[in-house]
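Below: the structure, in structure tokens.
Any value given below was found using the heavy atoms of this structure, including those in side chains, with hydrogens, waters and symmetry copies removed. Quick caveat: nothing in here was measured; it's all calculated off a predicted structure. Along the sequence shown, residues carry numbers from 1.
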Amino acid sequence: PHVDRLAEEGVLCKNAFTTAGVCAPSRSAIITGMYQTSLGTHHMRCRAELPEPIRPFPIYLREAGYYCTNNSKEDYQFVTPEETWDESSSEAHWKNRPDDGQPFFAVFNFNGCHESGIADDEKYERGTEGIDRHDRDRVAGTLPPYYPDTPVTREDWGRYYDVMTAMDTWVGEHLAELEEAGLADNTIVMFWSDHGVGLPRAKRWLYDSGTRVPLIVRIPESFRVADQGTPGVQADELVSLMDLGPTVLNLIGAGVPEFMRGRPFLGGDLPEPRRYIFGARDRMDERYDIIRAVRDQRYKYIRNYEPFKAYYQYMNTPEKGRTMQAIRQVEASGTASPEVAQFLAPQKPTEELYDTETDPHE
């Protein structure tokens with residue numbers, strides 16, 4: 001209900017995508033406005049060092065007088081410059097700014113819907129305590145076709161909905177803080193995710209299940225440019241989350257650095273809307289693969305540069321999960337449906353092309 005209300009009061013961006021299907025490479029693109037493949041941050045679990053003049057965009061906000069906080073996940077895959085945040089910790093909050101009149105830029109990360117929030121029993125129980133949990137039999141009707149319909153996959157898919165419910169409650173708490181402080185009508189709110197579903201064939205992949213994300217922007221009337229931010233609008237424009245930084249800088253009139261490849265989608269003097277979204281997959285955990293993707297509003301083209309490798313290479317973390325184990329069980333027993341079997345193939349085609357209107361599960 002809280003996210004729904006936010007969408008009713010703001011703009012729901014229906015075509016928002018990340019540059020990777022996993023958190024850290026995606027987050028490096030978000031915080032710099034540059035593709036992870038340009039920075040050397042494309043391999044999951046690497047640690048790069050930013051060259052000059054590339055800097056995370058909150059630095060420009062701080063230079064413009066903003067109090068900038070991050071609570072608390074960074075995971076940018078590079079050494080974070082010290083001047084990026086006024087505070088980056090589990091205690092960081094816009095309430096901590098030394099002057100109540102100082103403008104602020106505050107990021108809050110909800111970690112309960114991470115894949116570990118589904119896979120880890122203790123984290124799931126702790127994170128969903130007190131919420132109404134979803135009926136697993138009803139949930140079965142929404143299972144993607146690339147998962148076998150078993151009690152195990154129903155449980156995981158139900159947990160996914162449950163952690164979303166917990167996240168919604170958390171969103172409501174943060175919105176209430178703004179209202180209680182009298183700042184709701186003076187603060188632009190952006191709600192987004194750094195990648196898609198935290199389950200196999202979504203997380204780590206370039207299909208929409210891994211890269212299509214929620215994006216809602218609520219703009220108080222006094223900050224709106226032209227007809228931007230009209231409440232209740234559902235926008236079809238393509239947005240890459242790499243565009244968030246340039247958009248924030250454009251909204252405050254700070255100018256967008258030339259090195260950024262993201263482009264602003266709000267504020268004045270906007271560039272032409274995007275025609276395409278680009279994505280990249282490289283090493284995931286301990287397994288190398290090279291995949292690139294480009295998408296317009298309807299069609300997705302994927303190029304597999306190592307087609308001799310299986311779709312599902314063994315990776316330690318997802319293989320520990322219940323859904324992946326259920327997939328392996330139907331593979332071993334020969335009972336996998338055609339949709340499941342397709343992604344158990346020992347090799348991939350060099351090219352994949354999908355019409356996401358007629359085949360949304362690709």
Which heavy atom in [X] sits nearest to a heavy atom in [Y], and how many Å separate them?
X	Y	answer
Met44	Ala24	SD-CB, 3.7 Å
Cys23	His195	N-CD2, 3.3 Å
Gly21	Leu206	N-CD2, 4.3 Å
Arg281	Met315	NH2-CE, 3.9 Å
Lys73	Asn70	O-ND2, 3.0 Å
Ser88	Ser72	OG-O, 4.1 Å

Donor-acceptor pair, distance only, cut-off 3.5 Å: does the side chain of [X] make one with the backbone of [Y]?
X	Y	result
Ser209	Arg201	yes
Thr247	Phe265	yes
Asn250	Pro264	no
Thr165	Tyr161	yes
Asn71	Ser90	yes
Glu357	Arg298	no
Asp156	Thr323	yes

Do [X] and [Y] have side-chain heavy atoms sitting under 4.5 Å apart?
X	Y	answer
Tyr314	Arg287	yes
Asp162	Ile131	yes
Gln228	Thr230	no
Met324	Tyr312	yes
Glu115	Leu199	no
Gln347	Pro307	no
Ile54	Met260	no
Leu251	Phe223	no

Rounded at 0.5 Å granularity, tell me how far [atom1] in [X] sits from [atom2] in [Y].
X	Y	atom1	atom2	value
Asp168	Glu173	CG	CD	10.0 Å
Gln102	Cys68	CD	SG	8.5 Å
Ser333	Arg328	OG	CZ	13.0 Å
His134	Thr142	NE2	OG1	9.0 Å

Kindly state whether the ring of [X] and the ring of [Y] have centres lying under 6.0 angstrom apart.
X	Y	result
Tyr160	Tyr124	no
Tyr301	Tyr276	no
His361	Tyr354	no

Tell me which donor-acceptor pairs under 3.5 Å the side chains of residues 176-191 have, and how far apart each pair is, sequence neighbours excluded?
unit_1 : atom_1 : unit_2 : atom_2 : d
Glu177 : OE1    : His93  : NE2    : 2.9
Glu179 : OE2    : Arg5   : NH1    : 3.3
Thr187 : OG1    : Leu183 : O      : 2.8

>> Evaluate Tyr60 against Val248 for side-chain contact (heavy atoms from CB on, under 4.5 Å), listing each step before the verdict.
In response: CA-CA 10 Å; Tyr60 300 99; Val248 170; over 6 Å; no

Membership question, hydrophobic clusters at under 4.5 Å side-chain separation (ILVMFWY): are [Y] and [X] in the same one?
X	Y	result
Ile118	Val139	yes
Met284	Phe308	no
Leu39	Val22	no
Phe78	Trp85	yes
Leu215	Val3	no

Would you call [X]-[Y] a salt bridge at under 4.0 Å N-O?
X	Y	result
Glu362	Arg295	no
Arg97	Asp86	no
Asp282	Arg204	no
Asp289	Lys348	yes
Asp285	Arg45	no

> Around atom CD of Glu49, are there more than 12 heavy atoms of other residues, nucleotides or ligands at under 6.0 Å?
Replying inline: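 No, CD of Glu49 has 12 or fewer neighbouring heavy atoms, counting only those of other groups under 6.0 Å.
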
> Does CD belonging to Glu221 count more than 12 external heavy atoms closer than 6.0 Å?
Replying inline: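 Atom CD in Glu221 is not packed in, count stays at 12 or less.
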
> Given Arg154 and Asp137, is the side-chain contact (heavy atoms from CB on, under 4.5 Å) satisfied, shown in steps?
Replying inline: CA-CA 7 Å; Arg154 291 184 183 193; Asp137 289 332; 3.0 Å; yes

> Yes or no on side-chain contact (heavy atoms from CB on, under 4.5 Å) for Leu50 and Arg55, after CA distance, side-chain angles and deciding distance?
Replying inline: CA-CA 7 Å; Leu50 292 180; Arg55 302 192 296 173; 5.8 Å; no

If we count only N and O atoms by modelled type, under 3.5 Å, do the side chains of [X] and [Y] hold a donor and an acceptor together?
X	Y	result
Arg261	Tyr35	no
Thr69	Glu87	no
Tyr305	Thr350	no
Tyr207	Glu352	yes
Thr356	Lys300	no
Arg212	Asn15	yes

> Taking it one step at a time, do Asp121 and Arg159 satisfy side-chain contact (heavy atoms from CB on, under 4.5 Å)?
Replying inline: CA-CA 10 Å; Asp121 292 340; Arg159 288 187 177 197; 3.0 Å; yes

> In terms of the angle between their ring planes, are Phe108 and His174 parallel, tilted or perpendicular, with boundaries placed at 30° and 60°?
Replying inline: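 Because their plane-to-plane angle lies in the 30° to 60° range, the rings of Phe108 and His174 count as tilted.
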
>> Tell me whether the rings of Tyr311 and Trp205 are parallel (<30°), tilted (30 to 60°) or perpendicular (>60°).
In response: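 Judged by the thresholds at 30° and 60°, the geometry between Tyr311 and Trp205 is tilted.
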
> Which one of Trp94, Phe57, Tyr66 satisfies the ring-ring contact (aromatic ring centres under 6.0 Å, His included) criterion with Phe105?
Replying inline: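 So the option named by the test is Phe57.
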
>> Just to verify, which of Arg283, His43, Gln313 counts as forming a side-chain hydrogen bond (donor to acceptor under 3.5 Å, both in side chains) with Tyr288?
In response: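 One option only clears the test, and that one is Arg283.
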
>> Taking side chain to side chain donor-acceptor pair (under 3.5 Å) as the cut-off, I'd like each qualifying pair that reaches into residues 24-34, sequence neighbours left out, listed once.
In response: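 For residues 24-34, and leaving out neighbouring residues, the side chain to side chain donor-acceptor pair (under 3.5 Å) pairs sorted by first residue read Arg27-Asn109, Arg27-Asp194, Ser28-Thr41.
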
Using atom types as modelled, flag every donor-acceptor pair under 3.5 Å from a side chain in residues 231-242 to any protein atom, sequence neighbours excluded.
unit_1 : atom_1 : unit_2 : atom_2 : d
Ser240 : OG     : Met242 : N      : 3.2

